[in-house]
Number of protein chains: 2
Amino acid sequence: MVDRPSLSKGEMAVARALWEVGPATVRQVHEKVERNEPMSFVTVQTYLRRLEAKGHANSRLDGRVRIYSGRSRPGTVIRSTVNELVDRLFGGDSLPLVRHLIEERGIDESGLAELRELISRLEAEMAPSGRKPS
Amino acid sequence: MVDRPSLSKGEMAVARALWEVGPATVRQVHEKVERNEPMSFVTVQTYLRRLEAKGHANSRLDGRVRIYSGRSRPGTVIRSTVNELVDRLFGGDSLPLVRHLIEERGIDESGLAELRELISRLEAEMAPSGRKPS
DNA sequence: GCCGAATAAGTACAAATGTACGCGAAAGAC
DNA sequence: GTCTTTCGCGTACATTTGTACTTATTCGGC
């Protein structure tokens with residue numbers, strides 16, 4: 001798996017929009033982005049170009065318009081971004097971050113239920129054999 | 001609470017070192033940083049100066065050496081950094097990040113136990129009144 | 001076949017970031 | 001009291017990021 005450069009704030013916003021709308025023209029991505037924050041059309045254009053340069057997007061010219069599509073999958077990008085953050089902020093230990101998120105950012109009831117289940121599953125997975133997570 | 005500019009990658013590394021060693025000279029901070037990654041002494045100096053400029057550190061001249069000390073407390077900085085990340089990466093919804101962290105980064109058994117407890121507490125807190133988290 | 005709207009693509013440019021040099025002052029060695 | 005080492009501090013500078021204008025091109029309507 002190629003290790004593409006990580007994304008900056010603005011790039012991330014555009015990338016997210018692109019992931020959500022799927023292959024799309026600049027205009028469509030722009031519209032998506034603007035639902036969250038104001039950003040000039042040309043700025044979106046620039047970000048898309050940069051995303052492509054960094055290998056996070058592909059594009060092809062369809063007649064007169066350029067169609068961009070995501071290349072890295074969200075999961076991958078998110079993973080490396082998060083990993084970077086965890087390393088940087090907590091020296092690689094993710095528990096404090098999880099604690100922080102749960103405590104400070106409010107997760108609703110169904111979210112809590114889901115987490116409870118997830119935790120049970122993991123405990124069940126490791127307890128019998130006593131295996132540690134890799 | 002003043003809203004200080006957020007920290008960049010490098011600044012964060014130095015800030016963490018500063019928090020850990022407590023009030024210290026550039027040299028001491030540098031030594032701490034270098035335990036994790038190589039970074040030139042003067043670079044650390046620069047980061048410390050920038051941290052002070054951004055209001056995250058204080059310093060005083062003690063004779064000939066400058067003693068830096070953390071100003072913002074780690075919790076505060078971490079909170080805003082994490083919040084920013086969650087907004088950018090998940091549009092403000094922290095659950096996916098939590099899920100990701102728990103699933104992908106391996107939390108050990110005692111960590112899981114702690115989380116389970118935390119979740120129970122929160123569920124107990126909100127269930128009776130049906131109150132949603134702010 | 002000309003006009004305006006839309007678009008791609010090049011370019012611009014200030015701010016932030018990463019990384020560091022060099023000078024002058026101070027402190028200790030001798 | 002000079003020499004050397006150690007610092008602080010100002011400065012530097014390339015790269016990345018944030019944000020956008022401009023120019024040339026094309027398409028659809030008249």
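Everything numeric in this text was worked out from a predicted model, so none of it was measured. Below, chains carry the letters A, B, ... as their sequence lines are ordered, and counting in each starts from 1.
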Checklist entry - What pairs with E20(A) under side-chain hydrogen bond (donor to acceptor under 3.5 Å, both in side chains), at least two apart in sequence or on another chain? => result K32(A)
Checklist outcome for this item: Residue set satisfying side-chain hydrogen bond (donor to acceptor under 3.5 Å, both in side chains) with R79(A), at least two apart, ordered chain then number -> E104(B)
Checklist entry - Measuring from L95(A):CG to S110(B):OG, what's the distance to the nearest 0.5 Å? => result 7.5 Å
Checklist entry - Which of residues 14-28 of chain A have a heavy atom under 4.0 Å from DNA chain D? => result none
Can you tell me the distance, in whole Å, between the [atom1] atom of [X] and the [atom2] atom of [N]?
X      : N       : atom1 : atom2 : answer
E84(A) : dG18(C) : CD    : C1'   : 14 Å
L51(A) : dA8(C)  : CG    : P     : 15 Å
L7(B)  : dG18(C) : CG    : C1'   : 15 Å
K54(B) : dA15(C) : NZ    : C1'   : 11 Å
M12(B) : dT17(C) : CE    : C1'   : 14 Å

Checklist outcome for this item: Reading nucleotides 19-30 of chain C from 5' to 3' and marking B where a protein heavy atom lies under 4.0 Å of the base, S where only the sugar-phosphate is that close, and - otherwise, the string is BBBB---SS---
Quick one: list whatever passes salt bridge (charged side-chain N to carboxylate O under 4.0 Å, His left out) with [X], sequence neighbours left out.
X      : answer
D93(B) : none
E84(A) : K9(B)
R27(A) : none

Checklist entry - Contact boundaries of DNA chain D with chain B (under 4.0 Å, heavy atoms), 5' to 3'? => result dT6(D) to dT11(D)
Between side-chain atoms of residues 38-47 of chain B and protein atoms elsewhere (two or more places apart, or another chain), which donor-acceptor pairs fall under 3.5 Å?
{"residue": "S40(B)", "atom": "OG", "partner": "V42(B)", "partner atom": "N", "Å": "3.2"}
{"residue": "S40(B)", "atom": "OG", "partner": "T43(B)", "partner atom": "N", "Å": "3.4"}
{"residue": "T46(B)", "atom": "OG1", "partner": "V42(B)", "partner atom": "O", "Å": "3.1"}

Next on the checklist: Per the side chain to side chain donor-acceptor pair (under 3.5 Å) rule, what does the pair list look like for residues 61-70 of chain A, sequence neighbours excluded?
Outcome noted: S59(A)-R66(A)
Next on the checklist: Once side chain to side chain donor-acceptor pair (under 3.5 Å) is applied, what residue pairs with a partner in residues 111-120 of chain A remain, sequence neighbours excluded?
Outcome noted: E114(A)-R99(B), R116(A)-E123(B)
Checklist outcome for this item: Which of L85(A), V82(A), V86(A), D87(A) passes side chain to side chain contact (heavy atoms under 4.5 Å, CB included) with S94(A)? It is V86(A)
Checklist outcome for this item: Judged by nearest nucleotide, the residue sitting upstream toward the 5' end of DNA chain D, V65(B) or E11(A), is V65(B)
Checklist entry - Members other than I67(B) in its cluster, when Ile, Leu, Val, Met, Phe, Trp, Tyr link by side-chain heavy atoms under 4.5 Å? => result V65(B)
